[in-house]
Amino acid sequence: GVVRDMRADSLVITENPDETPNTADMVFDNFTPSEFDQVILTLGGVRIFKGVFLRSTQAFNERPVHDFTTPHAVGGAWMLGRWRVYKHYTDTTVNGIVADLMASAPGFTATNVQGGLPTLKQFTVQGASIAEALTALKAQVKGLSWSVDYFDDLHLGTVDPSIVHP
């Protein structure tokens, strides 16, 4: 549903790289979201945040009596931290590894993964989250970075000029 009681001047969105999730903090009047409720924030019809609420602090002003809540929400990278994977790859492209990892993340897509990423001789993930596995790939590929947009699509690529961009 649409919540109209968010204080417009209270919204703070922090965007972070890699497995550190983007966050949104805000103040609601007369509304307390439940933990893990989905939140989608738009401004002028443009999505500016998507995630889930993790915690809320409820308080009130005494004069006049007025309830307000300060919820904290986290973006898609946090959700990729919830799924653990056990995988071993031999002579596999980073693109193939990423596609396989993301197949374990229901509701997420990987349409913004740079093509032509290198082949790794070995890559093993033993009980790490998908987010941790994607970050571990950074140690293997110079300049690799990743993020999750507000439509739950993975963006992964490198600024290494030796990698051919299709």
Side-chain angles (χ1 to χ4, degrees), residues 1-61 65-87 89 94-114 117 123-139 141 144-158:
V2 175
V3 177
R4 300 186 192 280
D5 292 333
M6 184 178 78
R7 295 183 188 173
D9 63 347
S10 72
L11 180 61
V12 176
I13 296 174
T14 304
E15 295 196 352
N16 298 297
D18 304 328
E19 78 271 9
T20 304
N22 295 343
T23 61
D25 294 283
M26 63 215 76
V27 176
F28 285 117
D29 291 317
N30 304 310
F31 171 74
T32 302
S34 298
E35 189 174 41
F36 304 118
D37 277 355
Q38 185 179 66
V39 56
I40 296 174
L41 302 173
T42 60
L43 181 64
V46 175
R47 189 177 291 196
I48 60 170
F49 184 84
K50 179 183 179 196
V52 295
F53 289 112
L54 283 189
R55 65 178 183 275
S56 295
T57 303
Q58 203 166 12
F60 68 94
N61 295 331
V65 174
H66 186 80
D67 291 331
F68 65 94
T69 306
T70 56
H72 176 74
V74 292
W78 182 83
M79 293 297 291
L80 290 181
R82 296 183 57 177
W83 294 294
R84 300 279 169 192
V85 289
Y86 296 83
K87 303 276 186 169
Y89 304 93
V94 170
N95 298 84
I97 294 168
V98 169
D100 187 57
L101 290 170
M102 293 304 289
S104 299
F108 283 80
T109 57
T111 59
N112 282 289
V113 174
Q114 174 186 327
L117 293 170
F123 185 73
T124 302
V125 181
Q126 292 293 331
S129 70
I130 294 171
E132 292 166 335
L134 292 169
T135 297
L137 284 171
K138 286 176 55 175
V141 180
L144 190 69
S145 66
W146 68 272
S147 63
V148 176
D149 68 22
Y150 297 132
F151 294 91
D152 292 336
D153 187 45
L154 176 68
H155 294 247
L156 182 137
T158 181

Which of parallel (below 30°), tilted (30 to 60°) and perpendicular (above 60°) describes F49 and Y150?
tilted

Any L117 side-chain heavy atom under 4.5 Å of V98 side chain:
no

Rounded to the nearest 0.5 angstrom, the OG1-CD1 distance for T42 and I48 is 7.0 Å

Nearest heavy atoms of K138 and L144, plus distance in Å
CG-O, 3.3 Å

Quick one: do T124 and Y86 satisfy side-chain contact (heavy atoms from CB on, under 4.5 Å)? Show the steps, please.
CA-CA 8 Å; T124 302; Y86 296 83; over 6 Å; no

Do P71 and F53 touch side chain to side chain, with heavy atoms closer than 4.5 Å?
yes

Side chains of V52 and V74, heavy atoms from C-beta outward: is any pair under 4.5 Å?
yes

Only pairs under 3.5 Å count here: list side-chain donor-acceptor contacts from residues 129-136, not counting sequence neighbours, and write none if there are none.
unit_1: S129; atom_1: OG; unit_2: A131; atom_2: N; d: 3.4
unit_1: S129; atom_1: OG; unit_2: E132; atom_2: N; d: 3.0
unit_1: S129; atom_1: OG; unit_2: E132; atom_2: OE1; d: 3.4
unit_1: E132; atom_1: OE1; unit_2: R84; atom_2: NH1; d: 2.9
unit_1: E132; atom_1: OE1; unit_2: S129; atom_2: N; d: 2.8
unit_1: T135; atom_1: OG1; unit_2: E19; atom_2: OE1; d: 2.3
unit_1: T135; atom_1: OG1; unit_2: A131; atom_2: O; d: 3.2
unit_1: T135; atom_1: OG1; unit_2: W146; atom_2: NE1; d: 3.0

Minimum heavy-atom distance D153-A110, with the two atoms named
OD1-N, 3.2 Å

Nearest heavy-atom neighbours spanning L101 and V85:
CD2-CG2, 3.9 Å

Provide the closest heavy-atom pair for N16 versus P21 in the form atom of the first, atom of the second, distance.
ND2-O, 2.8 Å

Measure the CG-OG1 distance between D25 and T14 for me, rounded to the nearest 0.5 Å.
6.5 Å

Taking all heavy atoms of L11 and all of A24, pick out the closest pair and write down the distance.
CD1-CB, 4.4 Å

Does any N or O in the side chain of D152 come within less than 3.5 Å of the main-chain N or O of T109, such that one atom is a donor and the other an acceptor?
no

Looking only at heavy atoms, the pair that brings M102 and L80 closest together is CE-CD2, 4.2 Å

Considering only heavy atoms from C-beta outward, does the side chain of W78 approach that of T20 to under 4.5 Å?
no

M26 vs L41 side-chain heavy atoms within contact, under 4.5 Å:
yes

From E15 atom CD to S147 atom OG, the distance as rounded to the nearest 0.5 Å:
8.5 Å

